Amino acid sequence: MIDVRLLRNDPEGVRRALARRAKPELLEQLDIASSLDDRLRVITLERDDLRRQVNELSKQVGALRKAGDVAASEAAMEASRELGERERSLAGESDDLSASLHDVMLRITNIPHPDSPDGAGEHDNPVVKGPVNMPATFADHQRVPHWETGTALGILDNERATKISGAMFTMQRGLGATMARALCQLALDRNADAFEEVRPPTLVSTATLTATGHLPKFADDAFAIERDGLWAIPTAEVPLTSLYAGEILDEPDMPARVMAHTSCFRREAGSAGRDTRGMLRTHEFDKVEILAVALPDQAAAMLDELVTRCEGTIAALGLPYRIIEICTGDLGQSHHRSFDIEVYAPGCDRWLEVSSVSWFSDYQARRADIRFRRPGQKGTEIAHTLNGSALAVPRVWAAIVENYRQADGSVRIPDALLPYMRGATVIPAQ
RNA sequence: GGAACGAUGGCAGAGUGGCCAAAUGCAUCCGCCUUGAAAGCGGAAGCCUCGCAAGGGGCCGGGGGUUCAAAUCCCUCUCGUUCCGCCA
């Protein structure tokens with residue numbers, strides 16, 4: 001959530017900043033929020049004053065009783081009763097208003113960073129680095145889609161995955177499964193110098209999924225287990241962010257850094273029929289996420305660090321990649337500033353988004369109530385959260401199978417994965 | 001799934017209708033002492049919210065109720081602990 005006070009004190013500034021997202025309906029919501037807030041403040045003031053009077057009278061009742069003045073205490077009780085009735089009806093109105101305001105605020109997007117480039121949609125995202133590791137030409141033997149190679153080598157068995165679970169589920173086998181796991185191991189090992197490894201729950205409560213901004217607006221994108229009120233996480237960002245929910249961190253402990261390898265579940269509603277082959281879009285996949293809870297003035301440097309770390313793993317795998325920055329029109333609801341890393345897959349002849357690194361400013365932390373305290377100072381401040389996909393398995397796996405395919409149809413294992421492959425150096429042609 | 005007991009400030013833990021925003025301890029901050037630190041001594045200090053301020057309102061797991069007045073009484077939900085059952 002953005003700060004209601006910001007909306008109150010500088011409505012034009014907020015309006016200008018959100019206008020950069022190029023979503024007209026967003027500005028309408030802003031107006032609704034503003035008018036709800038105005039009304040709420042008037043009513044709250046009036047209600048607080050009534051409460052003050054009731055509180056005073058109640059104190060008097062106690063004092064008068066002690067003094068033995070029964071008649072006066074009865075009179076005070078009667079007066080208080082009347083005020084209390086009016087207070088209750090105002091309180092009802094104020095509760096309704098604040099619930100409506102909260103509901104609107106949950107749907108209003110974060111304010112883009114001033115340096116986020118302007119743009120209307122994903123086609124306006126500028127390339128800020130790369131292509132890197134890009135060979136001048138790709139050989140014909142690399143121009144084979146990973147689903148063909150994967151099936152031929154017996155390392156991808158989507159047919160049976162579909163038998164087991166339905167469309168958009170995948171299954172790796174043999175060295176393909178080993179390589180999927182090796183990728184996670186690599187990503188965890190590369191970040192273990194600074195990030196605590198966590199194995200969080202993958203089923204979470206509604207409150208947890210709301211904290212990161214995935215609810216209420218994107219309920220259709222998540223798998224739900226209605227009977228138990230639980231949701232399957234779309235990313236480890238969800239449980240890792242809420243790891244600190246409701247807590248007050250000490251400044252010296254920040255930034256807090258955690259990472260996790262989890263399954264991620266996405267319904268991919270609205271993308272039915274797209275990317276149906278191979279592993280480009282699946283309902284369930286593995287990912288290693290790295291996440292930081294930082295002081296506001298640490299956040300910009302942390303964003304750079306996360307990008308560098310995620311980039312480093314892709315570079316270590318020797319894959320051709322580039323980095324793009326997300327423009328204001330394509331920025332996610334909770335995002336303040338974001339970069340994507342894309343890998344080139346010669347078999348599909350496409351750039352694949354394999355990592356997304358984002359700074360959420362205080363947007364998620366306000367929802368999750370993650371604060372920090374500076375030693376020696378009164379009060380608390382809201383933290384900043386940031387995270388990035390250190391490695392998302394399926395698309396990287398696909399890019400490796402395509403880039404590393406050799407003329408004889410086998411797939412060479414990238415050097416960086418060799419320590420985790422039980423001695424295998426190649427996935428042999430059948 | 002059954003039973004019992006719980007949920008109070010950063011943490012631990014008192015408090016069973018008004019003088020309780022809440023004892024006490026730890027942690028924190030300021031001062032004294034000390035070459036410096038620790039210990040000791042004295043003091044400050046909960047969080048959220050409205051307000052320039054003075055000051056007001058709210059918060060004792062969530063929600064509802066009783067009352068002039070609720071941390072305290074009633075209902076309900078959630079979560080935790082322990083025991084039993086089941087189980088990887």
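Because the structure is a prediction, the values reported are computed rather than measured. Lettering of chains follows the sequences in order, A, B, ..., and the numbering in each one begins at 1. Only this structure's heavy atoms are used, side chains among them; waters, hydrogens and symmetry mates stay out.
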**OP:** Would you please say whether a donor-acceptor pair under 3.5 Å links the side chains of A/Arg371 and A/Thr380?
**Re:** yes
Original post:
Heavy atoms under 4.0 Å, any strand shown: does A/Arg371 hit a base, just sugar-phosphate, or nothing?
Top reply: sugar-phosphate
**OP:** Would you indicate which nucleotide in B/C50, B/G10, B/G58 comes nearest to any side-chain atom of A/Arg8?
**Re:** B/C50
**OP:** May I ask you to say whether A/Glu93 pairs ionically with A/Arg39, meaning some side-chain N is under 4.0 Å from a carboxylate O?
**Re:** yes
Original post:
Can you tell me if A/Glu284 and A/Thr282 form a side-chain donor-acceptor pair at under 3.5 Å?
Top reply: no
Original post:
Which whole-number value in Å describes the distance from A/Leu45 CG to B/C50 P?
Top reply: 11 Å
Original post:
What distance, rounded to whole Å, do you find between the two C1' atoms, one in B/G15 and one in B/U8?
Top reply: 9 Å
Subject >> Length of the NE2-P vector between A/His102 and B/G62, whole Å >> reply: 15 Å
Original post:
Touch check for A/Thr380, heavy atoms < 4.0 angstrom, all strands: base, sugar-phosphate only, or nothing?
Top reply: sugar-phosphate
Subject >> Ionic contact status for A/Arg8 with A/Asp3, cut-off 4.0 Å >> reply: no
**OP:** Could you check which of B/C19, B/G10, B/G58 has an atom nearest any side-chain atom of A/Asn55?
**Re:** B/G58
Original post:
Centre of A/Phe195's six-membered ring, under 6.0 Å away, within 45 degrees of the axis: is that where NZ or CZ of A/Arg257 sits?
Top reply: yes
Subject >> Rounded distance (Å) that lies between atom C1' of B/C11 and atom CG of A/Asp250 >> reply: 11 Å
Original post:
Within the pair A/Arg41 and B/C50, is there a side-chain N or O less than 4.0 Å away from OP1 or OP2?
Top reply: no
**OP:** Grab the CG-P distance between A/Asp49 and B/G57 for me, whole Å please.
**Re:** 9 Å
**OP:** Would you mind classifying the nucleic acid contact of A/Arg373 as base, sugar-phosphate or nothing, using non-hydrogen atoms under 4.0 angstrom?
**Re:** sugar-phosphate
**OP:** Could you tell me whether A/Leu57 contacts a base, only the sugar-phosphate backbone, or nothing, with contacts defined as non-hydrogen atoms closer than 4.0 Å?
**Re:** nothing
**OP:** Walk me through it: do A/Arg309 and A/Asp193 pass the test salt bridge (charged side-chain N to carboxylate O under 4.0 Å, His left out)?
**Re:** CA-CA 11 Å; A/Arg309 283 177 176 273; A/Asp193 59 308; 2.9 Å; yes
Subject >> Distance, C1' atom - from B/C74 to B/U82, rounded to whole angstrom >> reply: 27 Å
Original post:
Given that A/Glu381 and A/Val61 both sit by RNA chain B, which one's nearest nucleotide is further toward the 5' end?
Top reply: A/Glu381
Original post:
Looking only at atom C1', what distance separates B/A4 and B/G56, rounded to whole Å?
Top reply: 44 Å
**OP:** Just compare B/G56, B/G18, B/G58 and give me whichever is closest to any side-chain atom of A/Arg52.
**Re:** B/G56
Original post:
Choosing from B/C68, B/G58, B/C50, which nucleotide comes nearest the side chain of A/Arg51?
Top reply: B/G58
Subject >> Options B/C50, B/A69, B/G57, nucleotide nearest the side-chain atoms of A/Ser58 >> reply: B/A69
**OP:** Look at the side chain of A/Lys66 and the base of B/C19, then say whether one donor and one acceptor between them are separated by less than 3.5 Å.
**Re:** yes
**OP:** Between B/C47 and B/G10, how far apart are the C1' atoms? Round to whole Å, please.
**Re:** 11 Å
Original post:
Expressed as a whole number of Å, how far does the P atom of B/G64 sit from that of B/C11?
Top reply: 25 Å
Subject >> Protein-nucleotide distance (A/Lys59, atom NZ; B/C19, atom C1'), rounded to Å >> reply: 10 Å
**OP:** Take atom CD of A/Gln53 and atom P of B/G58, then tell me their distance rounded to the nearest Å.
**Re:** 13 Å
**OP:** Have a look at A/Arg88 and say if it touches a base, only the backbone sugar-phosphate, or nothing, with a 4.0 Å heavy-atom cut-off.
**Re:** nothing
